[in-house]
Amino acid sequence: MTSSDESAANSLVSSVEEPDESALEAALRPKNLDDFVGQPRVREQLSLLLEASRMRGRSADHVLLSGPPGLGKTTLAMIVASEMNAPLRISSGPAIQHAGDLAAILSSLGEGEVLFLDEIHRMSRPAEEMLYMAMEDFRVDIVVGKGPGATAIPLDLPPFTLVGATTRAGLLPGPLRDRFGFTGQLEFYAVGELELVLRRSAVLMDLKVNSAGFSEVAGRSRGTPRIANRLLRRVRDWALVHGVEQIDARTASAALDMYEVDEKGLDRLDRSVLKALITKFGGGPVGLSTLAIAVGEEPETVETVCEPYLVREGLLGRTPRGRVATPAAWEHLELPLPANMSMAGQAALFSAAADGGENVPDWLQESPEDGI
C-alpha cells in the first residue's frame, strides 16, 4: 500500500475501503440491478446486455467499468455474476505481474464464469498482450522453454465474461479497451440518490433515521456511496454512545462535526491544504511539493486524496504555475477576502498563470515541474 493509500484509508471521507469494515461493506452491497441505486444510464444499458445474453444462452460480452473509487464498480461486477447465475472469480491488476499469473487464472475458469479484474490498468504489459487473445478468441498460447527451443502451446479456454474496473481509463491501451463489448462510465451521485442508498443501508443496519438525518449525511458524502455508508456507521456509533434512539439532522451534524467532516464533506486534511494555500501563500499559485510540505503530507497524498474533490467543488484550481485557491475557498473557511481579490481578479490570475504572463508575483512563480 502506498503512502497515499494509507492516508486515504485513515481519512473518514476517503473512498478507499477500510479492511476492518470490509465485511459490513459487503453486507450492504446490493445483490441485483433492481436494488442498485443510482447510475440509471449504466444500469439500464447493463440490464439490456445481460437480458440479451440470457436469451441467447451465451456468456455476456466483456464489460469495462470506469470511474472514481467508491461508486459501485465492484458491486456491479458481483451483480453481473449474480444476474448471469455464474461463479465469480476476483483478482486485480497489481496482482498480475507476469503472463504466467494470468494464464493460471484463465486456464482454471469454468464455462460462463465471470472474471473480475480490479484496477485493470495496472496489469503488466505481457499479461495485457495475453489477455487480448483470451478476450477475443478464448485462447492463450503457453510458452514452454526459452530461447530458440521455446515452443508455444495453444490452450483453448471456455467462454467467459471479463469485467474490468479502472479509476484511470486513459491508462488502458487502445487494443485492450476496444475488446470490451460494453463500457460503463460511473458518475458521482446526487444528494437525493445518496439518501436512497442511506435509507437502504439504515434498514439493513436496523437504524432509525429521519429524512433530515439522511439529508445531513448525504450532503457530506462527496457524492460517493462508500463514503455515505461509512459516515452513517460513524453517526450510528455516536448515537449509540450518547443514547440517541432516532438520528436526526442535529445528531448527524454533531457526530460528523466531531469527526471533523464539515458541511461540504471536507475533512481535516482538505481544510489544512486550503488554509495553508491561503494563509501561507496568499492564495497561490504555489507548487504541489511546496504545498505538501506546508501541511506535512506527501505530494502524492495531496494530489490523489485531496485535490480531486477540492477542484470539483470549485475551491482549488490547478494552473501551470501551481495551485490556486478560489474565492469560494476563502468564503468556505470564513476568511476575509483580500481587497485586491475578486471573482474577476481571480479569473485574470488563472489566465495569467495559464499564459505564462508577467502579472504573477515573482515569489509565487514556481518551476514547471514543481507547479504541476
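Index from 1, following the sequence. Values in this document were obtained by computation on a predicted structure and should not be read as measured data.
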**Study point:** Min side-chain heavy-atom separation Leu115-Val163 under 4.5 Å
**Key:** no
Exercise for review: Identify the two heavy atoms, one from Ala77 and one from Leu88, that lie closest to each other, and give their separation to 0.1 Å.
Suggested key: O-CD1, 4.2 Å
Review point. Under the side chain to side chain donor-acceptor pair (under 3.5 Å) criterion, do Arg89 and Ser108 qualify, and how do the steps go?
Key: CA-CA 10 Å; Arg89 186 80 58 89; Ser108 64; 2.8 Å; yes
Review point. Looking at Phe188, does the NZ or CZ of Arg312 lie under 6.0 angstrom from its six-membered ring centre and within 45 degrees of the ring axis?
Key: yes
Point to revise | Any side-chain heavy-atom pair of Met78 and Ile90 under 4.5 Å | key: yes
Study note, to complete from the structure: In this structure, CG of Asp118 is separated from NZ of Lys73 (nearest 0.5 Å) by 7.0 Å
**Study point:** Centroid-centroid distance, Phe182 to His62, less than 6.0 Å
**Key:** no
Point to revise | Carboxylate-amine/guanidinium contact Arg318 Glu307, below 4.0 Å | key: yes
Exercise for review: Measure the spacing between CZ of Arg234 and CG of Asn229 and express it to the nearest 0.5 Å.
Suggested key: 11.0 Å
Practice item. Would you tell me whether Gln185 and Ser66 have side-chain atoms, one donor and one acceptor, within less than 3.5 Å of each other? Key: yes
Review point. When hydrophobic residues are tied together by side-chain contacts of less than 4.5 Å, even through go-betweens, does Val80 share a cluster with Leu109?
Key: no
Review point. Minimum heavy-atom separation for Leu198 to Ala228, with atom names?
Key: CD2-O, 3.3 Å
Practice item. Decide whether a cation-pi geometry holds between Arg179 and Tyr132; the criteria are a distance under 6.0 Å from NZ or CZ to the six-membered ring centre and an angle within 45° of the ring axis. Key: yes
Practice item. Following the transitive rule for hydrophobic clusters with a side-chain heavy-atom cut-off under 4.5 Å over Ile, Leu, Val, Met, Phe, Trp and Tyr, establish whether Ile293 and Leu291 coincide in one cluster. Key: no
Practice item. Taking only Lys NZ, Arg NE, NH1 and NH2, and the carboxylate oxygens of Asp or Glu, determine whether Glu83 and Arg54 approach each other closer than 4.0 Å. Key: yes
Check your understanding: Is any side-chain N of the basic residue among Lys264 and Glu313 closer than 4.0 Å to the acidic one's carboxylate O?
Key -> yes
Study note, to complete from the structure: Of all heavy-atom pairs linking Leu231 and Ser221, the shortest is CD1-OG, 3.7 Å
Exercise for review: May I ask you to say whether Glu129 pairs ionically with Arg125, meaning some side-chain N is under 4.0 Å from a carboxylate O?
Suggested key: no
Review point. Are Arg41 and Glu187 close enough for a salt bridge, meaning some N to O gap below 4.0 Å?
Key: yes
**Study point:** Within-4.5 Å side-chain heavy-atom neighbours: Val324 and Leu316
**Key:** no
Practice item. With the side chain counted from C-beta on, respond yes when Arg323 and Pro285 share a heavy-atom pair under 4.5 Å apart, and no when they do not. Key: no
Check your understanding: What's the shortest heavy-atom distance between Lys31 and Ser82, and which atoms?
Key -> O-OG, 3.3 Å
Check your understanding: Minimum heavy-atom separation for Ala60 to Thr161, with atom names?
Key -> O-OG1, 2.8 Å
Exercise for review: Would you indicate whether the side-chain heavy atoms of His98 and Ser124 approach each other to under 4.5 Å?
Suggested key: no
Exercise for review: Using atom types as modelled and distance alone, determine if a side-chain donor or acceptor of Arg177 lies under 3.5 Å from a backbone N or O of Leu172.
Suggested key: yes
Study note, to complete from the structure: In this structure, OG1 of Thr251 is separated from NE2 of His242 (nearest 0.5 Å) by 9.5 Å
**Study point:** Arg230 and Thr224: CA distance, side-chain angles, deciding distance, side chain to side chain donor-acceptor pair (under 3.5 Å) verdict
**Key:** CA-CA 10 Å; Arg230 183 174 298 170; Thr224 306; over 6 Å; no
Review point. Salt-bridged, Arg271 to Asp262, with N to O below 4.0 Å?
Key: yes
Review point. Is the backbone of Val286 close enough, under 3.5 Å, to the side chain of Thr290 for a donor and an acceptor to pair up by distance?
Key: no
Revision key, fill the gap. Ile105 and Ile96 have their tightest heavy-atom pair at CD1-CD1, 4.1 Å
Exercise for review: Could you tell me whether the side chain of Val217 reaches within less than 4.5 Å of the side chain of Val209, counting heavy atoms only?
Suggested key: no
Check your understanding: Are the side chains of Tyr259 and Val235 in touch, meaning some heavy atoms are under 4.5 Å apart?
Key -> no
Review point. If you round to the nearest 0.5 Å, how far is NZ of Lys275 from CD1 of Ile278?
Key: 10.0 Å
Check your understanding: Is the NZ or CZ atom of Arg43 positioned over Phe36's six-membered ring, under 6.0 angstrom from the centre and within 45° of the axis?
Key -> no
Check your understanding: Is Asp206 salt-bridged to Arg236, going by a charged N under 4.0 Å from an acidic O?
Key -> no
Check your understanding: Side chains of Val241 and Asp237: closer than 4.5 Å at any heavy-atom pair?
Key -> no
